[in-house]
Amino acid sequence: MSTDTKEVVCDDCHTVFHIRTARSYSGSSLGGSVSTLKTPRIKVIGTGGTIASKGESGSQTAGYHVDLTVEDLLSSIPDLSNVCELEYEQILNVDSKEFGEKELLMLHEAVSRSIRDDSFDGVVITHGTDTMEETAFLLQLTVNTSKPIVMAGSMRPSTAISADGPMNLYQAICVACNKESWNRGVLIALNDQIGSGFYITKSNANSLDTFKSVIQGYLGNIVNNEIHYFFPASKPTGIQYFELAPFPKVIVLYAHQGFDPQIVRLCASQLNVRGVVFATMGAGSLSKETNIELYKAWKEFGTPIVFSKRSMDGMVPIANLPKEIEIEGKTVQFDGCMASGYLNPQKSRILLQLCLGASMKDRQIADIFKTLSFGG
């Protein structure tokens with residue numbers, strides 16, 4: 001079976017290539033119940049990351065650098081011609097720690113454009129694992145589609161012994177081809193597991209088995225070329241969609257013993273911060289002095305405060321919020337604090353940015369956190 005790669009268009013200075021297969025798709029277990037008359041057509045968007053990195057030896061698993069294009073990655077997977085037709089586009093080639101507003105807007109535009117194209121059955125994004133969960137979460141809340149958007153990456157560079165990138169990318173493309181992947185939201189496919197981009201998080205800085213959502217669980221897994229979904233297709237509970245606007249400045253502060261509460265005032269008064277997310281101790285615990293400074297920042301600067309948690313799992317319930325603060329013998333109402341529910345600090349930050357970008361007030365923001373993550 002042969003393949004033919006053809007340059008088809010230059011869109012916004014990013015060259016798009018089309019890989020043509022030599023035959024129609026015949027219906028393997030990875031592809032799912034797809035008609036033999038139509039080969040699934042998938043758009044692969046390359047952004048870089050460890051999956052596109054090279055080291056100096058087969059045993060090197062740290063200190064590598066991004067050096068491969070998405071074309072290089074796809075050319076290393078010969079079985080793709082059995083699965084689908086592909087177009088691929090390299091919009092970035094960076095480590096995901098370099099992702100900021102500019103890079104997110106570029107990716108969002110490329111994904112949205114590909115989703116609007118009726119000829120594509122799904123989109124796959126190669127991305128670094130360090131911030132993959134943040135990008136997945138943002139796309140989930142800003143791209144409204146029933147088509148699968150699947151993110152793929154790796155924990156080892158391409159030059160490592162037993163590199164995980166080729167199989168991860170192959171499986172992500174197969175997941176995007178599968179009709180059972182429709183109406184499930186943004187997916188992350190790594191290490192034979194399929195997770196929800198809304199909930200999943202990177203749990204280990206080094207291990208291949210790093211992406212977890214312990215409470216919510218995986219949506220499915222892949223064994224011996226078979227995709228197994230454990231539940232009927234559905235998106236995260238209460239999902240809502242936002243128009244992507246310029247990102248308001250929101251920071252994450254990390255609580256610890258001896259935390260200096262004056263940092264809160266510094267952020268609100270001198271850094272022009274629009275919102276604060278706190279990685280609290282336990283399930284919303286902060287010192288009395290810190291809660292007082294947070295109240296003052298909200299009262300003086302209108303800065304909403306989201307209480308998240310340091311731990312990977314669990315939640316911050318509304319009952320743990322300091323809704324009443326005692327200052328100089330008087331009890332005041334702190335209506336500017338809200339609970340993140342199950343969302344971790346980095347995802348809470350993105351949701352708060354989207355709410356502020358939509359000009360929402362405190363009560364509206366709290367309602368969004370309640371609807372999406374059982375906080376509020």
Side-chain angles (χ1 to χ4, degrees), residues 96-101 104 130-131 133-134 137-138 201-202 205 246-357 359-363 365-366 368-369 373 375-376:
S96 67
K97 68 176 182 287
E98 304 296 342
F99 261 69
E101 180 173 347
L104 287 170
D130 285 355
T131 65
E133 66 190 87
E134 294 172 69
F137 186 76
L138 177 73
T201 188
K202 186 173 182 177
F247 295 99
K249 191 172 185 178
V250 174
I251 62 166
V252 175
L253 297 178
Y254 194 92
H256 54 80
Q257 292 178 342
F259 179 86
D260 185 350
Q262 293 306 310
I263 293 175
V264 175
R265 171 158 288 276
L266 174 67
C267 293
S269 64
Q270 298 188 35
L271 299 182
N272 298 317
V273 168
R274 292 277 310 281
V276 173
V277 174
F278 234 112
T280 68
M281 298 171 282
S285 298
L286 292 173
S287 69
K288 292 181 180 179
E289 293 80 6
T290 301
N291 283 332
I292 288 172
E293 287 301 323
L294 289 172
Y295 168 81
K296 291 179 179 178
W298 167 69
K299 197 67 176 177
E300 184 174 349
F301 302 102
T303 309
I305 314 295
V306 175
F307 282 57
S308 186
K309 67 275 190 313
R310 302 189 312 187
S311 57
M312 190 183 85
D313 278 297
M315 70 169 295
V316 177
I318 297 175
N320 282 353
L321 293 176
K323 284 295 187 180
E324 293 185 346
I325 301 288
E326 188 172 328
I327 302 177
E328 299 176 352
K330 295 182 179 180
T331 301
V332 294
Q333 281 293 122
F334 187 6
D335 294 328
C337 64
M338 51 208 73
S340 70
Y342 288 99
L343 294 182
N344 62 24
Q346 54 268 38
K347 293 186 179 183
S348 298
R349 171 182 169 270
I350 291 170
L351 183 53
L352 182 54
Q353 285 182 308
L354 292 172
C355 290
L356 291 171
S359 301
M360 292 185 179
K361 304 302 182 183
D362 293 340
R363 186 65 260 162
I365 296 173
I368 289 291
F369 274 91
S373 62

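Excluded from the calculations below are hydrogen atoms, water molecules and symmetry mates; all remaining heavy atoms, backbone and side chain alike, are included. We count residues from 1, following the sequence as given.
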[Y] side chain reached by [X] side chain, heavy atoms, under 4.5 Å:
X      : Y      : result
His256 : Phe259 : yes
Met312 : Asn344 : no
Phe278 : Leu286 : yes
Met338 : Ile305 : no
Leu266 : Val264 : no
Asp130 : Phe99  : no
Cys355 : Leu351 : yes

Where is the tightest heavy-atom contact between [X] and [Y], given as atom of each residue plus distance?
X      : Y      : value
Thr303 : Ala268 : OG1-CB, 4.2 Å
Ile318 : Gly376 : CG1-O, 3.7 Å
Pro248 : Pro246 : CD-O, 3.1 Å

Could you state the interatomic distance from [atom1] ([X]) to [atom2] ([Y]), rounded to the nearest 0.5 Å?
X      : Y      : atom1 : atom2 : value
Gln333 : Lys299 : CD    : NZ    : 10.0 Å
Leu271 : Ile263 : CG    : CD1   : 10.5 Å
Ser373 : Lys347 : OG    : NZ    : 11.0 Å
Arg310 : Ser285 : CZ    : OG    : 9.5 Å
Tyr254 : Thr280 : OH    : OG1   : 10.0 Å

When you measure from the side chain of [X] to the backbone of [Y], do you find a donor-acceptor pair of N or O atoms at a distance under 3.5 Å?
X      : Y      : answer
Arg265 : Ala297 : no
Ser308 : Leu343 : yes
Arg349 : Val252 : no
Lys309 : Ser311 : yes
Ser96  : Thr131 : yes

N/O donor-acceptor pairs under 3.5 Å from side chains in residues 319-328, not counting sequence neighbours:
residue	atom	partner	partner atom	Å
Asn320	ND2	Ala283	O	2.9
Lys323	NZ	Cys337	O	3.0

Worksheet item: According to the ring-ring contact (aromatic ring centres under 6.0 Å, His included) rule, which pairs have a member within residues 303-327, sequence neighbours left out?
Response: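 Matches after skipping sequence neighbours: none remain.
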Fill in: Residue pairs involving residues 286-295 (criterion side-chain hydrogen bond (donor to acceptor under 3.5 Å, both in side chains); sequence neighbours excluded)
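Non-adjacent pairs meeting side-chain hydrogen bond (donor to acceptor under 3.5 Å, both in side chains): Ser287-Thr290.
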Worksheet entry | Between Trp298 and Asp335, a side-chain donor and acceptor under 3.5 Å |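 No, no side-chain donor-acceptor pair sits under 3.5 Å.
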Fill in: CA sep, side-chain torsions, deciding dist, call: Ile365, Leu356, side chain to side chain contact (heavy atoms under 4.5 Å, CB included)
CA-CA 8 Å; Ile365 296 173; Leu356 291 171; 4.0 Å; yes
Practice prompt. Please check if the distance between the ring centroids of Tyr342 and Phe369 is under 6.0 Å.
Written response: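 Here the rings of Phe369 and Tyr342 have centres that are no less than 6.0 Å from each other.
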Worksheet item: Going through the distances and angles, do Val276 and Val250 end up as a side chain to side chain contact (heavy atoms under 4.5 Å, CB included)?
Response: CA-CA 6 Å; Val276 173; Val250 174; over 6 Å; no
Worksheet entry | Heavy atoms of other groups near Lys249 NZ, more than 12 under 6.0 Å |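 For Lys249, atom NZ is crowded (more than 12 foreign heavy atoms under 6.0 Å).
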Discussion item. Checking Leu253 against Ile251 for the side chain to side chain contact (heavy atoms under 4.5 Å, CB included) test, could you report, in this order, the C-alpha distance in whole Å, the side-chain angles of both residues, the deciding distance, and whether it holds?
Written reply: CA-CA 7 Å; Leu253 297 178; Ile251 62 166; 3.8 Å; yes
Discussion item. Side chain to side chain contact (heavy atoms under 4.5 Å, CB included) for Phe301 and Val273? Distances and angles first, verdict last.
Written reply: CA-CA 9 Å; Phe301 302 102; Val273 168; over 6 Å; no
